[in-house]
Amino acid sequence: MKDLIKHIVQALVDNPEQVEVSEVEGDNVLVLELRVAKEDIGKVIGKQGRTAQAIRSILSAVSGKVKKRIVFEILE
């Protein structure tokens, strides 16, 4: 999961070496925290949040298979 998000985001940004994805796992929840360079945050969020929402949709589809709720956060 972590590698999938990292691969997708690295293709979107200008500084792919600064992409960091960390996982925080709970009982029924998996939180994926994304950190990118400050100038790349807009590219990850996209116009009106469409890119971030598309990433969340992918994670939503996977969450049924792993039987955990997945939360995607973009950190500054």
Could you state the interatomic distance from [atom1] ([X]) to [atom2] ([Y]), rounded to the nearest 0.5 Å?
X	Y	atom1	atom2	result
Met1	Ile58	CE	CD1	11.5 Å
Gln10	Asp40	CD	CG	11.0 Å
Lys47	Arg50	NZ	CZ	8.5 Å

Problem - Expected output: side-chain Glu20 to main-chain Arg35 donor-acceptor under 3.5 Å - result: no

Side-chain touch [X]/[Y], heavy atoms, less than 4.5 angstrom:
X	Y	value
Ile45	Ile74	yes
Glu23	Val31	no
Lys43	Thr51	no
Val24	Leu32	no
Val13	Glu39	no
Ile5	Phe72	yes

Completion exercise
side chain to side chain contact (heavy atoms under 4.5 Å, CB included) with Val44: of Val19, Leu34, Ile8, only one passes, and it is Leu34

Fill in the blank from the handout: So side-chain hydrogen bond (donor to acceptor under 3.5 Å, both in side chains) across residues 59-71, not counting sequence neighbours, yields Glu25-Lys68

Exercise for the section: Decide whether Val29 and Ile70 are clustered together by the hydrophobic rule: side chain heavy atoms of Ile, Leu, Val, Met, Phe, Trp, Tyr closer than 4.5 Å, transitively. Expected result: no

Exercise for the section: Locate the shortest heavy-atom distance separating Lys2 from Val21; write the atom from each residue and the value. Expected result: CE-O, 2.8 Å

